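Let me begin by presenting the structure, written as structure tokens, before commenting on it.
Since the structure is predicted, the reported quantities are computational estimates derived from the model, not experimental observations. Chain letters run A, B, ... following the sequence lines, proteins first, then strands; residues in each count from 1.
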There are 2 protein chains.
Amino acid sequence: MGRTADYSDQSCSIAATLEVIGDPWTLLVIRDAFKGISRFEQWQERLGVARNVLASRLKTLVAHGVLEARQYSARPPRNEYVLTQKGKDLADVLVTMHAWGSKHLYGDMEAGVVFKHIPCGQQLKPRVACDCCGEIVKRSDIEMIVLQDRPTVGEILSRDEAA
Amino acid sequence: MGRTADYSDQSCSIAATLEVIGDPWTLLVIRDAFKGISRFEQWQERLGVARNVLASRLKTLVAHGVLEARQYSARPPRNEYVLTQKGKDLADVLVTMHAWGSKHLYGDMEAGVVFKHIPCGQQLKPRVACDCCGEIVKRSDIEMIVLQDRPTVGEILSRDEAA
DNA sequence: TCGGGCGCGTTCGTTTTCGCAACCCACTTG
DNA sequence: CAAGTGGGTTGCGAAAACGAACGCGCCCGA
């Protein structure tokens, strides 16, 4: 393609998030990171993704601070990649996406990967709750508000490219 | 390739979900659908996406039952596209992605789009709760389990292409 | 009645990026 | 010292995305 597709003239944290994790394969890389995968070769084998693409994805995830490259061998230089706090916070996104696919695509059948909620021992069916009042959020309780003159995705993301 | 990238040999509802909403622009189309956008021209203008790409995205979203095409003029045939139940259920995904971007990219600054939780009147900070026991889910409470011999993404999605 | 404009796409030629396979480099092991 | 391994980089088509132009049916004003 080209996927020159950048959303950088918008001002929306959904669009910004997509700039970071919206590339093909990226979210699956992160999913496997949650499973404990941390080395190039493991991702490559499990996903079957092209090596150059994988290298590029890991690089941008590190640049955005989702993964941290940790050198475990000095010479030859060998990295492993582990989730940062920022990366671990993507769990919510994975969980809700999993729930949607599970319900609407797999028809509540169990797919090859499931989440378990350890405290209650059941398979996790996530519901979104409001942190402020603690209530479960129904869809009709949500209003989307559009504000004017907020910083664009481009402005936001150019900062951590400076690093 | 051009993104022949298909995850169809995997068995994972996250991968399956990505097959449906993982294309560039698709999630932003859905975001705008939540804002009330329902016509081709409106999406095109707001997103600046190429018209053929937009047409293709709308078509596959309809094919997957996320949007419903509703003809509002017989001649010339004119469609509008509205979210189905399946589509509306993606709200959770949008909300969690929004929260992540808001926290980690915008640094809790307000971006151009925010969600409001109507019952309590506050800006929505979503937390994931377990439907079974009602508790807020902490990251350490989640275990990812890999099962064997489950239907692949390809098998699952080929069904509603038959429609 | 003629022209222009709108709404909704489709077509066409051009870029980008992906997938694949091959290659490379620095060790390690036999 | 040859073969192997982990972690990438390089080069070549092919498939998608891009953008601009075109089509088409209708409506409106002159």
Side-chain angles (χ1 to χ4, degrees), chain A residues 1-10 15 18-29 32-33 36-63 67-82, chain B residues 1-10 15 18-29 32-33 36-63 67-82 153-154:
Chain A
M1 54 165 130
R3 176 149 210 295
T4 316
D6 75 317
Y7 320 124
S8 53
D9 56 335
Q10 313 201 9
L18 285 174
E19 282 285 288
V20 176
I21 63 165
D23 284 299
W25 298 113
T26 297
L27 215 48
L28 294 186
V29 167
D32 283 355
I37 300 300
S38 66
R39 312 260 261 241
F40 189 95
E41 211 65 15
Q42 298 174 302
W43 273 299
Q44 205 285 316
E45 186 188 352
R46 302 170 61 94
L47 296 178
V49 56
R51 306 176 76 81
N52 53 353
V53 174
L54 177 56
S56 141
R57 294 299 176 265
L58 291 173
K59 206 166 287 180
T60 74
L61 284 174
V62 168
L67 294 179
E68 184 192 340
R70 197 179 289 163
Q71 191 169 278
Y72 68 89
S73 149
R75 283 181 13 269
R78 292 287 176 266
N79 288 330
E80 63 182 355
Y81 301 89
V82 297
Chain B
M1 61 170 149
R3 180 160 202 279
T4 315
D6 75 319
Y7 321 125
S8 53
D9 58 333
Q10 312 201 10
L18 286 174
E19 283 285 289
V20 176
I21 63 166
D23 284 298
W25 299 114
T26 297
L27 216 49
L28 294 186
V29 167
D32 282 356
I37 300 301
S38 65
R39 313 258 263 239
F40 191 95
E41 210 64 15
Q42 299 175 299
W43 273 300
Q44 205 286 314
E45 187 188 350
R46 303 169 61 94
L47 296 179
V49 56
R51 305 176 77 80
N52 54 353
V53 174
L54 176 57
S56 141
R57 292 297 177 266
L58 291 174
K59 206 166 289 180
T60 73
L61 284 174
V62 168
L67 294 179
E68 184 192 339
R70 197 179 289 165
Q71 191 170 277
Y72 68 90
S73 149
R75 283 182 14 269
R78 292 286 176 269
N79 287 330
E80 62 182 356
Y81 302 89
V82 297
V153 172

Taking all non-hydrogen atoms of both residues into account, name the closest pair between B/T26 and B/R57 and its distance.
OG1-CD, 3.0 Å
Value in whole Å for how far the P atom of D/dA17 lies from CD of B/Q44
16 Å
With nearest nucleotide decided by heavy atoms, which residue, A/K59 or A/P76, maps closer to the 5′ end of DNA chain D?
A/P76
cation_pi(A/R51, A/F40) dist<6.0 Å, angle<=45
no
How far apart are the C-alpha atoms of B/L28 and B/W43, what are their side-chain angles, what is the distance that settles it, and do they pass the side chain to side chain contact (heavy atoms under 4.5 Å, CB included) test?
CA-CA 9 Å; B/L28 294 186; B/W43 273 300; over 6 Å; no
How long is the line joining CH2 of B/W25 and P of D/dC18, in whole Å?
6 Å
Could you tell me the separation between the CD atom of B/E45 and the C1' atom of C/dG9, rounded to a whole number of Å?
16 Å
Send over the distance from B/Q71 CD to C/dC8 C1', rounded to a whole Å.
12 Å
Would you tell me if any nitrogen or oxygen in the side chain of B/R39 comes within less than 4.0 Å of OP1 or OP2 on C/dG7?
no
Spell out, as yes or no, whether a donor-acceptor pair under 3.5 Å connects the side chain of A/S73 to the backbone of A/P76.
yes
CD1 of B/I37 versus P of C/dC8: gap in Å, rounded?
12 Å
Would you say CD of B/Q42 has more than 12 non-hydrogen atoms from neighbouring residues, nucleotides or ligands within 6.0 angstrom?
yes
When you measure only distances, ignoring hydrogens and angles, does the side chain of A/R78 come within 3.5 Å of the base of D/dG6 through a donor and an acceptor?
yes
Measure all distances between protein nitrogen or oxygen atoms and nitrogen or oxygen atoms of nucleotides 21-23 of chain C, and list the pairs falling under 3.5 Å.
none

Between A/Y81 and A/L67, what is the shortest heavy-atom contact and its length?
CB-CD1, 4.1 Å
Residue-phosphate contact under 4.0 Å: A/Y72 side-chain N/O, D/dG7 OP1/OP2:
yes
Give the rounded distance in Å between these two atoms: CG of A/L47 and P of C/dC20.
12 Å
I want to check one thing: is the phosphate of C/dC8, taken as OP1 and OP2, less than 4.0 Å away from some side-chain N or O of B/W43?
no
Measuring from the side chain of A/Y81 (C-beta onward, heavy atoms only), which nucleotide among C/dG9, D/dG19, D/dG8 has the closest atom?
D/dG8
Rounded to whole Å, please give me the gap between CD in B/E41 and C1' in C/dG7.
6 Å
Rounded distance (Å) that lies between atom C1' of C/dG9 and atom CZ of B/R57
16 Å
Short side-chain to backbone donor-acceptor contact, A/Q44 and A/V49, under 3.5 Å
yes
